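To keep things clear, I will list the structure first and then write my remarks on it.
In what follows, every heavy atom counts, from backbone to side chain, and hydrogens, waters and symmetry copies are set aside. Quick caveat: nothing in here was measured; it's all calculated off a predicted structure. Note on naming: letters A, B, ... go to the chains in the order of the sequence lines (proteins, then strands), and numbering restarts at 1 for each one.
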2 protein chains.
Amino acid sequence: MEEIDRRIVTLLAADGRMSFTDLAKETGLSVSAVHQRVRRLEKRGVIRGYSALIDHDAIGLPLTAFVSIKPIDPSAADDAPDRLLHLTAVEACHSVAGDESYILKVRVESPIALEHLLQQIRAAANVSTRTTIVLSTPFEHRTPDLGTGPG
Amino acid sequence: MEEIDRRIVTLLAADGRMSFTDLAKETGLSVSAVHQRVRRLEKRGVIRGYSALIDHDAIGLPLTAFVSIKPIDPSAADDAPDRLLHLTAVEACHSVAGDESYILKVRVESPIALEHLLQQIRAAANVSTRTTIVLSTPFEHRTPDLGTGPG
DNA sequence: GATGAAACTCCATGACT
DNA sequence: AGTCATGGAGTTTCATC
């Protein structure tokens, strides 16, 4: 990927609603050239989508936790992600190296809701869980610094 | 927060560039009423901003890891987040309950870059680190289901 | 790939209920 | 809080280079 595309990606990662007009000003291109590039980045999957960043406290999901899971039967099919998809409290699922197989990031309303969710996770994916509760989040969703590229 | 605001938040979390016109159609309100609500949600901090979701493989940061950190001197001032802010590879920093004090999410170019970053983290915050490498990410950034509210 | 212009759609604000 | 009206911006497409 090239310099101007990197700049566009950086700008849109920092402000997902920036207008094409402003992107054009920032990049020195015409509006239609920027438009074309953004559409191409979307089509190529470099830009996967756009999202509003939400204050989870404000929407009634103040409790965040990381849940590491491990299959109870190590010989069973490893389809945990599929089995957890329906649990909307599970915001992310990462397959990881190490003693456990996945790390989930979950957002719930309360400790009771977390307890219930853990039961659901264990039942749905036939796993044991280890939970780390988030006390506060100094920062999150920071935009990568794409600098001037590899090289 | 009330029903229509929840709906607006859900829609914008799923598509951060949705137009006010479409939000109006989805909510049954007029464009200006939606406009007013979105601005209020932004002002109240319920919506903290907007971001493009990026494919990290495509931008040359294919290696994700979780780094748990623990202070080497437990009596020292706990200002790790401040000390890590300048490391742009650190995408998120969560204070957590448990044996370790923070979990960081980092994105780097390569194993060598991770090694270098870990050295920087240890030096900057005077901590020990424990790193869990992400092999793949079945899903991430899922939108919360705000349903019809608490109750 | 980039550009400028045209047609169209959307945004943002003010007057009013 | 909401609607409607409106002028100003922003978006999208197209012919052209």
Side-chain angles (χ1 to χ4, degrees), chain A residues 1-61 141 143-144 146-151, chain B residues 1-61 141 143-144 146-151:
Chain A
M1 209 179 38
E2 160 258 302
E3 180 61 21
I4 294 182
D5 282 348
R6 262 199 304 277
R7 180 127 185 76
I8 290 173
V9 166
T10 302
L11 289 164
L12 284 175
D15 176 5
R17 280 183 87 93
M18 182 175 283
S19 70
F20 292 104
T21 306
D22 285 349
L23 287 170
K25 283 174 194 161
E26 294 285 342
T27 56
L29 292 183
S30 68
V31 172
S32 32
V34 168
H35 184 267
Q36 194 173 231
R37 277 171 181 263
V38 171
R39 291 293 175 251
R40 199 183 53 199
L41 289 165
E42 289 169 356
K43 196 171 177 185
R44 288 181 183 166
V46 178
I47 295 174
R48 301 170 95 101
Y50 302 89
S51 181
L53 305 177
I54 303 306
D55 179 344
H56 288 82
D57 289 0
I59 60 170
L61 296 172
H141 304 308
T143 286
L146 299 186
T148 158
Chain B
M1 209 179 39
E2 159 255 305
E3 181 60 21
I4 294 182
D5 281 349
R6 261 199 304 277
R7 180 128 185 76
I8 290 172
V9 166
T10 302
L11 288 164
L12 284 174
D15 177 4
R17 277 183 92 90
M18 182 175 282
S19 71
F20 291 102
T21 305
D22 285 349
L23 286 170
K25 283 173 193 160
E26 293 283 344
T27 56
L29 292 183
S30 68
V31 173
S32 31
V34 168
H35 185 268
Q36 195 172 226
R37 277 171 183 264
V38 171
R39 290 294 175 251
R40 198 183 53 198
L41 289 165
E42 289 169 356
K43 196 171 177 185
R44 288 182 181 166
V46 177
I47 295 173
R48 300 168 97 100
Y50 301 89
S51 182
L53 304 178
I54 304 306
D55 179 344
H56 288 82
D57 290 0
I59 60 171
L61 297 172
H141 304 310
T143 287
L146 300 186
T148 157

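Put simply, CD on B:Glu3 is 13 Å from P on D:dG2, counting in whole angstrom units. C:dC11 atom P lies 11 Å from atom CE of B:Met18, rounded to whole Å. Per the geometry, CG belonging to A:Leu29 stands 6 Å off P belonging to C:dA2, to the nearest Å. Rounded to whole angstrom, the span from the CD atom of A:Gln36 across to the C1' atom of D:dT11 amounts to 14 Å. In this structure, CG of A:Asp5 is placed 8 Å from P of C:dA2, rounded to the nearest angstrom. Between the CG atom of B:Leu23 and the P atom of C:dC10 there is a distance of 12 Å, rounded to whole Å. Between B:Glu42 atom CD and C:dC11 atom P the separation is 12 Å, expressed in whole Å. Rounded to whole Å, atom P of D:dG10 lies 13 Å from atom CG of A:Asp15.
Checking the phosphate oxygens (OP1, OP2) of D:dT13, no side-chain nitrogen or oxygen of A:Arg39 falls inside 4.0 Å. Taking only side-chain nitrogens and oxygens, B:His35 comes nearer than 4.0 Å to OP1 or OP2 of C:dA12. For the pair A:Thr21 and D:dT11, the criterion of a side-chain N or O lying under 4.0 Å from OP1 or OP2 is met.
Atom CG of residue B:Asp15 and atom OH of residue B:Tyr50 lie 11.0 Å apart, to the nearest 0.5 angstrom.
For the pair B:Arg17 (side chain) and A:Met18 (backbone), a donor-acceptor distance under 3.5 Å is present. Looking only at distances, a side-chain donor or acceptor of B:Ser51 sits under 3.5 Å from a matching main-chain atom of A:Ala13.
Within 4.0 Å (heavy atoms only), B:Val31 reaches no atom of the nucleic acid at all. Within the 4.0 angstrom heavy-atom criterion, base atoms lie near A:Ser32.
A salt bridge is defined here as a Lys NZ or Arg NE, NH1 or NH2 lying under 4.0 Å from an Asp or Glu carboxylate O, and B:Arg40 with B:Asp5 meets this definition.
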